[in-house]
Asker: 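One structure is given below, represented as C-alpha cells, and several questions about it will come after.
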Amino acid sequence: MGDLDADGTHAELTRARTHLRPGWAAELKWDGFRALLSVDAGKVMLRSRRDTEMGPAFPETVAGAVQLPDATTLDGDM
C-alpha cells in the first residue's frame, strides 16, 4: 500500500472508492487465495481457481465444511 493520507487512511483506498459507478461496490483484494468449496454426498472439495486441490493446506476449513448440507458451493478467498 502507499502513503497514508492526512487523516490516516491509505490514499489508494480513497481513490478506489471514487472510481466506482453509481450503485456498484468493490473491495480490495489483499493477500490470499481464490477458492471454491463444494459439498457433494458428504464429500468436501476445496479447490483453487486453477483446479488445484487445496484441502490439505486448509484442513480446518474442510473439517468445518462437513457440517454444510449437500449441494453447497461457496466461492471466496482464503
Side-chain angles (χ1 to χ4, degrees):
M1 302 297 300
D3 296 329
L4 294 178
D5 286 341
D7 65 355
T9 61
H10 285 286
E12 288 88 351
L13 294 175
T14 304
R15 282 193 297 275
R17 286 189 209 111
T18 62
H19 295 294
L20 292 175
R21 295 180 187 171
W24 285 54
E27 64 183 13
L28 295 176
K29 179 165 176 12
W30 301 103
D31 243 353
F33 304 98
R34 177 83 180 270
L36 180 67
L37 183 138
S38 60
V39 182
D40 187 28
K43 182 177 179 182
V44 176
M45 295 294 296
L46 182 63
R47 306 197 72 77
S48 74
R49 65 186 174 134
R50 293 194 173 142
D51 206 31
T52 301
E53 176 60 40
M54 296 176 66
F58 299 96
E60 298 89 356
T61 301
V62 172
V66 171
Q67 302 173 46
L68 297 171
D70 280 343
T72 296
T73 301
L74 302 174
D75 180 12
D77 288 90
M78 306 281 302

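Only heavy atoms go into these numbers, but all of them, side chains included; no hydrogens, no water, no symmetry mates. Starting from 1, each residue takes its place in the sequence as its number.
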Asker: Which atoms form the tightest heavy-atom contact between Val62 and Gly55, and what is the distance?
Answerer: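 Taking Val62 first and Gly55 second, the nearest heavy atoms are CG2-CA, 3.7 Å.
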Asker: Main chain of Leu36, side chain of Asp75: is a donor-acceptor contact present, judged purely on distance under 3.5 Å?
Answerer: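 Pair absent, no side-chain N/O of Asp75 close to backbone of Leu36.
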Asker: Side-chain heavy atoms under 4.5 angstrom apart, residues restricted to Ile, Leu, Val, Met, Phe, Trp, Tyr: same cluster for Phe58 and Met45?
Answerer: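 Result: no, two separate clusters.
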Asker: Would you compute the distance between atom CZ of Arg49 and atom CE of Met54 and round it to the nearest 0.5 angstrom?
Answerer: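 The distance works out to 10.5 Å.
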Asker: Does the side chain of Met78 reach to within under 4.5 Å of the side chain of Leu46, using non-hydrogen atoms?
Answerer: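 Yes, close enough: below the 4.5 Å cut-off.
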Asker: Tell me, with the steps shown, if Glu53 and Arg47 meet side-chain contact (heavy atoms from CB on, under 4.5 Å).
Answerer: CA-CA 5 Å; Glu53 176 60 40; Arg47 306 197 72 77; 2.8 Å; yes
Asker: Heavy atoms only: give me the nearest Asp70-Ala41 pair and the separation to one decimal.
Answerer: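 Residues Asp70 and Ala41, closest heavy atoms: OD1-N, 3.2 Å.
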